[in-house]
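Reviewing the structure listed below.
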Amino acid sequence: MSQKIRVRFAPSPTGPLHIGGVRTALYNYLFAKKHNGVFCLRIEDTDQARYVAGAEDYIKETLGWLGLVPDEGPGYGGDFGPYRQSERKDIYLKYAQELLKRGKAYYAFDTPEELDARRKMEAERGNHSFKYDAHSRKEMKNSLTLSEEEVQKRISAGEPYVIRLLVPENDTVTFEDLVRGQVTFETSELDDKVLIKADGMPTYHMANIVDDHLMEISHVIRGEEWLPSTGHHVLLYKAFGWGDSIPHFAHLPLILKPNGKGKLSKRDGAKFGIPVFPLDWKGEGEDDHYPGFREYGFLPEAVINFLAFLGWNPGTDEELFSLDQLCQVFSLDKIHKGGARFDYEKARWYNQQYIQRTDDGKLASLVRPIVEAKGFSPDDGFLTKVCGLLKERCQVLPDFWENGFWFFDEVKEYDTDNVKKRWTPELKGHFEKLIARLAEAETFETPELESMVKAFINDNGLKMGQVLPLLRIALAGTMKGPGVFETMEVFGKEETLKRLKKALAAFDDIAEA
RNA sequence: GGCCCGUUCGUCUAGGGGUCAGGACGCCACCCUUUCACGGUGGAGACACGGGUUCGAUUCCCGUACGGGCUACCA
């Protein structure tokens, strides 16, 4: 490929960016970086009715969070702007005129109501695939059936009209998809797509071709849902006379629901109790609120890695890749053709891997908001050490609180079953002696604490199992958690002794109850 | 319905005319461990079906089945 690689991610700002869209953005980004190309963001806001305020910002924030920063796009600079299609309206109109002049498109005056009625009528007659095509256009109201004067009269009278693509008859459209190989359509199957809507805005099909051409896009990497309309797109390039510079196409497999029934949709988040958006989204209405991966406690590196492997693999057994590494090894020909189910457990596993590899101090800064939301403000040093002890048992950030809340607050509940099973009155004297011994410790670090406590156990003819579990419950309230000696070190002498003393009294009560 | 695309363990996938069909998640067992986890070892677990082509098909071809997508003046 000698030509300059330029790709675009072209979302429609109709709401939060779906996780499937994020993967499309990722693959575009990886492909661009792999080939020293350019990654563009283009906002496809040609549908005024579905436009949602805030959606563009959401898209940009998502790309920023994940590190998929566009080289060109609205707010990112670039020489091919504007990058919002609503700001390019005149360009599309100009090109539509060009098509009209070339006899590749025509005016149509049929209203949506008339078309709906016609479809309904056809359906009642058993024809469920009515199309505005080579056959039906002959009996519709358009510049092919109407006289030129009539057409001019209607237009100057301000009658609404659309411009449609004149699909050639009895032809075959073929293109080479980089993921699927050769794909072929019979033009008799293709309808005369609307290019310019009655409101003067272009449809996706029109805007997409004009922009990709003008922006010199070399590769169109998009979801499989676009495969069926690619025939139209190829026809359009040819109609414009751009047949020699049609971009390469790569249609990505869809991300399916966890149960495999259909493509993942925003409703599935609530249905399966999983996030399907990168970031929290709060729209206008009460129910227009969806949780995101970020707020679920996922690390962006993990989301990237997980998404990259949903439908693609490097061909090796390696599966932990940073964004930079992915840029090195990514290639379109390793994209799997079949749809991939969204596997939330696998996403959690990836996140756990990244949490384990993340620096304790960094984790502390990510966990702090969670702890503070619970009403505690530990100092940085302490929180950092706690994160270090906890991180290998956390899959998402809130797990730090779930597994370690007792680090921040005094123990309010002891594991009574285990206390009852293990606590005996005779142990009390030993524990008091142990507390006294600990109070005299010069250093309060793990190795010293370990040898000191173990020596104590030995000297007093006790067993590990008689002492350690109770020590743990005294400190944490629970049997689960990091090593006892590490925990003691992190607490420090004062807090450790405080907890031990409080527990001794509590254990008596529990044992008697 | 029509058109287009797809189909390897439960899931994500590697592979490809002759392999013990490999890895990962999840699951089970064991080891490590005073606990939980991490880690380690091992285990169960797949080529949708039917025809071809071939000495030999999971792999190539054709059907069928199943799944998905599209079928708007939405993208």
Side-chain angles (χ1 to χ4, degrees), chain A residues 10-14 44-47 49-50 108 110-112 115-116 119 123 126-132 160-164 177 179-181 183-186 188-191 193-205 207-208 222-231 251 253-254 256 258 260-263 306 309-320 334 336-350 352 356 389-395 399 403 415 418 422 457 463-473 476 478-484:
Chain A
S12 187
T14 55
E44 309 233 329
D45 55 350
T46 54
D47 186 351
R50 292 210 307 156
D110 320 272
T111 66
L115 291 172
D116 280 348
R119 268 190 203 96
N127 172 16
H128 292 275
S129 60
F130 171 76
K131 291 193 299 283
Y132 203 120
Y161 64 85
V162 299
I163 298 176
R164 283 181 183 270
D177 189 277
V179 173
R180 281 146 223 289
V183 180
T184 303
F185 297 94
E186 296 299 325
S188 60
E189 301 289 344
L190 307 179
D191 64 337
K193 283 261 180 278
V194 169
L195 265 18
I196 300 291
K197 300 182 267 189
D199 64 2
M201 281 298 225
T203 56
Y204 170 85
H205 309 293
N208 159 60
R222 74 227 302 190
E224 193 185 3
E225 67 267 30
W226 294 111
L227 197 48
S229 52
T230 305
H251 287 94
L254 266 14
L256 275 18
K261 296 210 170 298
K263 66 174 172 179
F306 165 65
F309 275 70
L310 217 49
W312 173 88
N313 79 88
T316 66
D317 284 348
E318 227 83 30
E319 48 191 344
L320 254 22
K334 290 230 170 271
H336 193 251
K337 292 179 176 67
R341 293 191 199 190
F342 184 85
D343 185 355
Y344 186 58
E345 281 306 315
K346 192 84 176 244
R348 287 171 61 85
W349 177 79
Y350 271 111
Q352 180 179 45
Q356 283 184 48
L389 290 187
L390 251 21
K391 70 184 192 182
E392 63 199 18
R393 56 212 91 205
C394 295
Q395 290 197 303
D399 288 348
N403 294 326
D415 179 340
N418 266 299
R422 297 165 195 274
I457 289 171
K463 291 195 173 118
M464 304 272 262
Q466 287 179 280
V467 178
L468 267 10
L470 285 164
L471 220 39
R472 168 185 302 286
I473 294 173
T478 168
M479 284 289 284
K480 300 178 182 177
V484 178

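The base-pairing partner of B:C74, taking Watson-Crick or G-U wobble contacts with both distances under 3.5 Å, does not exist among the strands shown. With a cut-off of 3.5 Å on both pairing distances, the Watson-Crick or G-U wobble partner of B:U11 is B:A24. Base pairing annotation: B:A29 forms a Watson-Crick or G-U wobble pair with B:U41, both donor-acceptor distances under 3.5 Å. Across all strands shown, B:U19 remains unpaired; no Watson-Crick or G-U wobble contact has both distances below 3.5 Å. The pairing partner recorded for B:A48 is B:U64, the criterion being a Watson-Crick or G-U wobble arrangement whose two distances lie under 3.5 angstrom. Using N1 to N3 plus N6-O4 or O6-N4 for Watson-Crick, or N1-O2 and O6-N3 for G-U wobble, each under 3.5 Å, B:U58 pairs with nothing.
At least one side-chain nitrogen or oxygen of A:Asn313 sits closer than 4.0 Å to the OP1 or OP2 atom of B:A14. For A:His336, a side-chain nitrogen or oxygen approaches OP1 or OP2 of B:A14 to under 4.0 Å.
For the pair A:Leu310 CG and B:A14 P, the computed distance is 12 Å after rounding to whole Å. Rounding to whole angstrom units, CZ of residue A:Phe185 and P of B:G69 are separated by 16 Å. Per the geometry, NZ belonging to A:Lys346 stands 10 Å off P belonging to B:C12, to the nearest Å. Distance A:Phe342 CZ to B:C25 P: 18 Å, rounded to the nearest Å. If you measure from atom CZ of A:Phe309 to atom C1' of B:C12, you get 10 Å, rounded to the nearest angstrom. The separation between A:Leu254 atom CG and B:C12 atom C1' is 16 Å, rounded to whole Å. Put simply, NZ on A:Lys337 is 17 Å from C1' on B:G67, counting in whole angstrom units. Between the CD atom of A:Glu345 and the P atom of B:G26 there is a distance of 7 Å, rounded to whole Å.
Between A:Gly338 and A:Pro253, the shortest heavy-atom distance links the atoms O-CB, 3.1 Å. Listed here is the closest heavy atom pair of A:Asp45 and A:Pro13: CB-CG, 3.6 Å. A pairwise comparison of heavy atoms in A:Ile473 and A:Asp415 identifies CG2-N, 4.0 Å as the closest pair. Between A:Glu189 and A:Lys131, the shortest heavy-atom distance links the atoms O-CE, 3.3 Å.
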Next item on the list: Mark up nucleotides 70-75 of chain B, 5' to 3', with B wherever a protein heavy atom is under 4.0 angstrom from a base atom, S wherever such an atom reaches only the sugar-phosphate, and - elsewhere.
Entry: S-SBBB
Next item on the list: Determine, for nucleotides 35-43 of chain B in 5'-to-3' order, which nucleotides have protein heavy atoms under 4.0 Å from the base (write B), from only the sugar-phosphate (write S), or from neither (write -).
Entry: BBBSS----
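Closest to the A:Asp343 side chain, of the nucleotides B:G68, B:U7, B:C25, is B:C25. Listed nucleotides: B:U11, B:A14, B:C5. Nearest to the side chain of A:Glu224: B:C5.
Using a 4.0 Å heavy-atom distance criterion, A:Tyr350 is classed as making no nucleic acid contact. Residue A:Gly262 is in sugar-phosphate contact alone, with no base atom involved, counting any heavy-atom pair closer than 4.0 Å across all strands shown. Note on A:Lys261: only backbone sugar-phosphate atoms sit closer than 4.0 angstrom, heavy atoms only; bases stay farther off. No engagement by A:Thr316 is indicated, since no non-hydrogen atom pair under 4.0 Å with the nucleic acid exists.
Only the C1' atoms considered, B:G39 is 43 Å distant from B:C49, to the nearest whole Å. Taking atom C1' in both B:A46 and B:A37, one finds a spacing of 31 Å when rounded to whole Å. Across the P atoms, B:C25 and B:U34 are found 26 Å apart, a figure rounded to whole Å. On the P atoms, B:G18 is 11 Å away from B:A57, given to the nearest whole Å. Using atom P as the reference point in both B:C66 and B:U53, the two lie 27 Å apart (nearest Å). Taking atom C1' in both B:A72 and B:C60, the straight-line distance is 41 Å, to the nearest Å. The same atom, C1', is picked in B:C20 and in B:U58; the two are 15 Å apart, to the nearest Å. B:U13 and B:G1 are spaced 35 Å apart, taking the C1' atom of each and rounding to whole Å.
Here the side chain of A:Lys197 pairs a donor or acceptor atom with the backbone of A:Thr46 at under 3.5 angstrom. Side-chain atoms of A:Asn403 come within 3.5 Å of backbone atoms of A:Arg393 as a donor-acceptor pair (strictly under, hydrogens ignored). Between the side chain of A:Thr203 and the backbone N or O of A:Val194 there is at least one donor-acceptor pair closer than 3.5 Å. No donor-acceptor pair under 3.5 Å is formed between the side chain of A:Arg472 and the backbone N or O of A:Gly483.
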All N/O donor-acceptor pairs, side-chain side in residues 309-316 of chain A, below 3.5 Å, sequence neighbours left out:
unit_1	atom_1	unit_2	atom_2	d
A:Trp312	NE1	A:Ser331	O	3.1
A:Asn313	OD1	A:Gly315	N	2.6
A:Thr316	OG1	A:Glu318	N	3.3

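You'll find the side chain of A:Arg222 reaches within 4.5 Å of the side chain of A:Thr230, heavy atoms only. Counting heavy atoms from C-beta on, the side chains of A:Val179 and A:His251 never come closer than 4.5 Å.
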Next item on the list: Show the numbers, then the answer: is there a ring pair (Phe, Tyr, Trp, His ring centres under 6.0 Å) between A:Tyr344 and A:Phe306?
Entry: CA-CA 10 Å; A:Tyr344 186 58; A:Phe306 165 65; 8.3 Å; no
